[in-house]
Amino acid sequence: MRNEKLKQTMLAAVLIAMTVGLSIMFVIPVPATKGMVTLCEVGIYTSAILFGGPVGGMVGAGSGFLIDILSGYPEWCLFSLVIHGLQGLAVGYLTPEHTKSFKTMLLPLAVGSAIMVIGYYFATALLFGWPAGLASIVGNLVQVGFGMVVTLSIVESLVKFKPDLV
């Protein structure tokens, strides 16, 4: 049992590093909210779907926190830790273990996306006021929408070519 927890933690650490790298490489700054649009959802969603809630939560929390620190947005670190952590947990726990089809992944991804968009609306409204919170919704919808499309493509490809992995 102890080795399983260690394996899970090591897997999460590698996935956090990959998600941070992916997100740092492709960043679109949003000056109005002093935030950014990244590809972190791809790493969070893929990790959560393939490896479950605990790994998804660790990848979400760890990568969200590190991306903000490394990108120079320390005011967002704690918000990202909580929001992306909950996002990864929700997607991982809502995705059925027995099948990873397009249909079974839509609801978990939609819930995870709603957590992110609503969470960052409140975080932005707290930091900069409700008009900025409303302005952040569009960028966050783009980010989660793109993350969902890429994640679905990755997981569908894995199911097709390497079904024993998923």
Side-chain angles (χ1 to χ4, degrees), residues 5 8-95 105-155:
K5 288 196 184 256
Q8 192 175 47
T9 303
M10 294 304 292
L11 174 65
V14 170
L15 293 169
I16 288 169
M18 290 172 51
T19 302
V20 170
L22 175 69
S23 298
I24 296 294
M25 284 177 54
F26 303 101
V27 174
I28 302 167
V30 181
T33 60
K34 296 187 180 178
M36 59 192 160
V37 174
T38 71
L39 298 178
C40 68
E41 267 67 32
V42 175
I44 296 168
Y45 290 159
T46 305
S47 301
I49 288 169
L50 294 179
F51 304 108
V55 172
M58 285 189 277
V59 171
S63 63
F65 186 87
L66 288 172
I67 290 164
D68 288 338
I69 285 285
L70 295 172
S71 300
Y73 295 102
E75 65 272 19
W76 291 101
C77 289
L78 293 178
F79 294 116
S80 294
L81 180 108
V82 172
I83 293 166
H84 287 302
L86 290 173
Q87 183 183 20
L89 276 172
V91 172
Y93 279 120
L94 292 174
T95 302
M105 290 185 287
L106 282 179
L107 177 64
L109 291 175
V111 170
S113 296
I115 289 170
M116 189 274 216
V117 172
I118 293 167
Y120 275 112
Y121 163 77
F122 284 112
T124 306
L126 181 68
L127 290 175
F128 303 106
W130 69 267
L134 288 176
S136 73
I137 291 174
V138 174
N140 289 329
L141 285 173
V142 169
Q143 181 170 317
V144 296
F146 187 74
M148 287 173 65
V149 169
V150 174
T151 299
L152 289 168
S153 301
I154 290 170
V155 176

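Pairs of residues two or more places apart, or lying in two chains, that qualify as side chain to side chain donor-acceptor pair (under 3.5 Å) and include a residue from residues 43-57 are Y45-Q87, Y45-S113. Residue pairs that meet the side chain to side chain donor-acceptor pair (under 3.5 Å) test with at least one member in residues 141-153, sequence neighbours left out, are E41-Q143.
The heavy-atom pair separating V91 from G112 by the smallest distance is CG2-CA, 3.8 Å. Heavy atoms only, all atoms of each residue included: I44 and G88 are closest at CG2-CA, 3.7 Å. Nearest heavy-atom pair, A110 versus M148, reported as atom, atom and distance to 0.1 Å: N-CE, 4.3 Å. Residues V42 and G147 come closest through the heavy atom pair CG2-CA, 3.9 Å. Residues L152 and M105 share a closest heavy-atom pair of CD2-CE, 3.6 Å. Of all the heavy atoms in H84 and C40, the pair that sits closest is CE1-SG, 3.6 Å.
Residues forming a side chain to side chain donor-acceptor pair (under 3.5 Å) with T38 (at least two apart in sequence, or on another chain): none. Legend: residues meeting side chain to side chain donor-acceptor pair (under 3.5 Å) with N140, ordered by chain and number and at least two apart, are absent. L107 is linked by a side chain to side chain contact (heavy atoms under 4.5 Å, CB included) to V111, counting only residues two or more places apart in sequence or in another chain. The side chain to side chain donor-acceptor pair (under 3.5 Å) search around S71 returns none, not counting sequence neighbours.
With rounding to the nearest 0.5 Å, the separation of CG in L86 from CE in M116 is 13.0 Å. Rounded to the nearest 0.5 angstrom, W130 CH2 and S136 OG are separated by 12.5 Å. Distance CD1/I115 to CD1/I83: 10.0 Å, rounded to 0.5 Å.
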**OP:** Go through the steps for T95 and L109 under the test side chain to side chain contact (heavy atoms under 4.5 Å, CB included), then give the verdict.
**Re:** CA-CA 9 Å; T95 302; L109 291 175; over 6 Å; no

**OP:** Would you check, one step at a time, whether the test side chain to side chain contact (heavy atoms under 4.5 Å, CB included) holds for L127 with W76?
**Re:** CA-CA 9 Å; L127 290 175; W76 291 101; 3.9 Å; yes

Tell me which donor-acceptor pairs under 3.5 Å the side chains of residues 9-22 have, and how far apart each pair is, sequence neighbours excluded?
| residue | atom | partner | partner atom | Å |
| --- | --- | --- | --- | --- |
| T9 | OG1 | K5 | O | 2.9 |
| T19 | OG1 | L15 | O | 2.8 |

Compile the donor-acceptor pairs under 3.5 Å between side chains in residues 55-65 and protein atoms, sequence neighbours left out, one pair per line.
| residue | atom | partner | partner atom | Å |
| --- | --- | --- | --- | --- |
| S63 | OG | V59 | O | 2.5 |

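More than 12 heavy atoms of other shown residues, nucleotides or ligands fall within 6.0 angstrom of atom OH in Y121.
Side chains of S80 and Y120 form a contact here, defined as non-hydrogen atoms less than 4.5 Å apart.
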